[in-house]
Amino acid sequence: MSGAFITLEGGDGSGKTTQAGLLQAWLEEQGRTVVRTREPGGTELGIEIRRLVQHTEGHVAPRAEALLYAADRAQHVATLVRPALERGEVVLQDRYLDSSVAYQGAGRELDGTQIRDLSLWATDGLLPHLTILLDIDPAAGRERMAGRADAPYDRLEDTGLDFAERVRDAYLALAEAEPTRFAVVEASGSPDEVHARVVSPVRAMLDTRR
Ligand code: TMP
């Protein structure tokens, strides 16, 4: 069976982690071996990078932040993602290069094309077979996030709603530019309702890769 690379994207509070859990269970029911992972922090080096980028008190310059995410991605793809795909497994990943384009490109107002190119260099050009964009109104996402104990110090304090709006708009533009790779899923509603919306593009992609 050929491997498949599925990424989940969306603003903070869009429910990616919940949906990743439900989708992993569904994929395993279909008989697939699933490697569930995330960025930043999917490798030992990545855990260190995640700590640096998200929990360093004080300012991480936008370009330094972009490079740290790209370094995390390079290590992750080389040591975990590509080997799993080569074994024919399904890699189900919370965030990938589109996060950098949306957050560092649009959110931090760096050049989105350069950010994408940096990630493509870091990963030797690896793109997902399917990217599920969980689209949510940023205010609703922030409300969901506010209850989370693991929210990094800076998420709700350093970045305002306009940052989240830019991130959302950038995601939607990416989806429009690559409609065959992206499936945009409305992220409001119960976890089971959203899961039902997520499954159909996943099933369609897997059918094309048999
Ligand atoms: P999460 O793991 O809870 O989704 O949090 C990851 C945070 O890191 C989220 O606020 C988005 C941010 N991020 C970027 O800014 N750029 C990136 O490339 C990635 C992978 C994450």
Side-chain angles (χ1 to χ4, degrees), residues 5-21 23-24 36-43 45-56 59-78 80-81 91-123 126-128 131-136 138-171 174 187 194:
F5 185 22
I6 303 171
T7 57
L8 289 165
E9 294 282 358
D12 296 292
S14 56
K16 288 184 283 56
T17 308
T18 304
Q19 289 307 316
L23 185 54
Q24 177 176 12
R36 185 169 152 201
T37 185
R38 70 170 181 179
E39 288 185 4
T43 62
L45 177 65
I47 290 166
E48 289 296 304
I49 294 174
R50 184 179 178 98
R51 189 180 55 75
L52 284 173
V53 78
Q54 294 190 341
H55 296 280
T56 302
H59 193 60
V60 179
R63 282 168 195 265
E65 187 185 74
L67 287 164
L68 287 168
Y69 284 119
D72 167 68
R73 187 159 299 133
Q75 180 74 6
H76 192 213
V77 165
L80 192 137
V81 178
V91 176
L92 176 57
Q93 185 168 317
D94 195 331
R95 298 194 181 280
Y96 189 52
L97 88 175
D98 302 299
S99 280
S100 284
V101 178
Y103 283 79
Q104 279 63 60
R108 301 280 187 219
E109 299 182 280
L110 296 172
D111 181 314
T113 305
Q114 288 180 348
I115 295 293
R116 180 182 160 90
D117 288 347
L118 177 66
S119 273
L120 287 174
W121 179 82
T123 62
L126 183 70
L127 283 172
T131 298
I132 305 279
L133 172 57
L134 293 170
D135 182 51
I136 191 159
R142 293 221 152 193
E143 226 162 84
R144 278 192 190 169
M145 278 292 296
R148 260 176 58 173
D150 66 334
Y153 85 97
D154 67 337
R155 275 203 199 149
L156 305 177
E157 290 161 18
D158 278 9
T159 63
L161 212 50
D162 55 334
F163 181 100
E165 297 279 4
R166 288 200 299 280
V167 167
R168 184 195 200 184
D169 291 348
Y171 270 135
L174 284 167
V194 180

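Positions are given from 1 along the sequence. For ligands, and for the atoms within them, numbers begin at 1 and follow the listed sequence. Because only heavy atoms are used, hydrogens play no part in the values below, and waters and symmetry mates are left out as well, while side chains stay in. If you're wondering where the values come from, they're calculated on a predicted model, not measured in any experiment.
Neither the backbone nor the side chain of Leu97 has a heavy atom within less than 4.0 Å of ligand 1. Neither the backbone nor the side chain of Glu9 has any atom closer than 4.0 Å to an atom of ligand 1 (non-hydrogen atoms only).
Not a single heavy atom of Glu65 sits closer than 4.0 Å to an atom of ligand 1.
In summary, the aromatic rings of Tyr69 and Tyr103 are positioned with their centroids too far apart to meet the 6.0 Å limit.
Side-chain contact check for Pro128 versus Gln93: every heavy-atom pair is 4.5 Å or farther apart. Taking the side chain as every heavy atom from C-beta outward, Thr123 and Leu97 never approach each other to under 4.5 Å. Asp117 is not listed as a side-chain neighbour of Trp121, based on a closest heavy-atom distance of 4.5 Å or more. Between Thr43 and Thr37, every side-chain heavy-atom pair lies at or beyond the 4.5 Å cut-off.
At least one N or O atom of Arg95, backbone or side chain, sits closer than 3.5 Å to an N or O atom of ligand 1. Not a single N or O atom of Arg38, backbone or side chain, sits closer than 3.5 Å to an N or O atom of ligand 1. Close N/O approach between Asp12 and ligand 1 is found [any backbone or side-chain N/O within under 3.5 Å]. Between Tyr103 and ligand 1, no pair of N/O atoms sits closer than 3.5 Å. Looking at Ser100 next to ligand 1, an N or O pair under 3.5 Å apart turns up.
Electrostatic pairing of Glu48 and Arg51 counts as a salt bridge here, judged by a charged N lying under 4.0 Å from a carboxylate O.
Listed by number with element, the atoms of ligand 1 under 4.0 angstrom from any heavy atom of Arg50 are 1 (P), 2 (O), 3 (O). Against a heavy-atom cut-off of under 4.0 Å, Lys16 is close to the following atoms of ligand 1: 4 (O). Of all atoms in ligand 1, numbered sequentially from 1 with element shown, those under 4.0 Å from a heavy atom of Gln54 are 5 (O), 6 (C), 7 (C), 8 (O).
Residues that satisfy the side-chain hydrogen bond (donor to acceptor under 3.5 Å, both in side chains) test with Tyr171, not counting sequence neighbours, are Glu9, Arg95, Ser99. In terms of the side-chain contact (heavy atoms from CB on, under 4.5 Å) criterion, residue partners of Ser14 (sequence neighbours excluded) are, by chain and number, Lys16, Leu134, Ile136.
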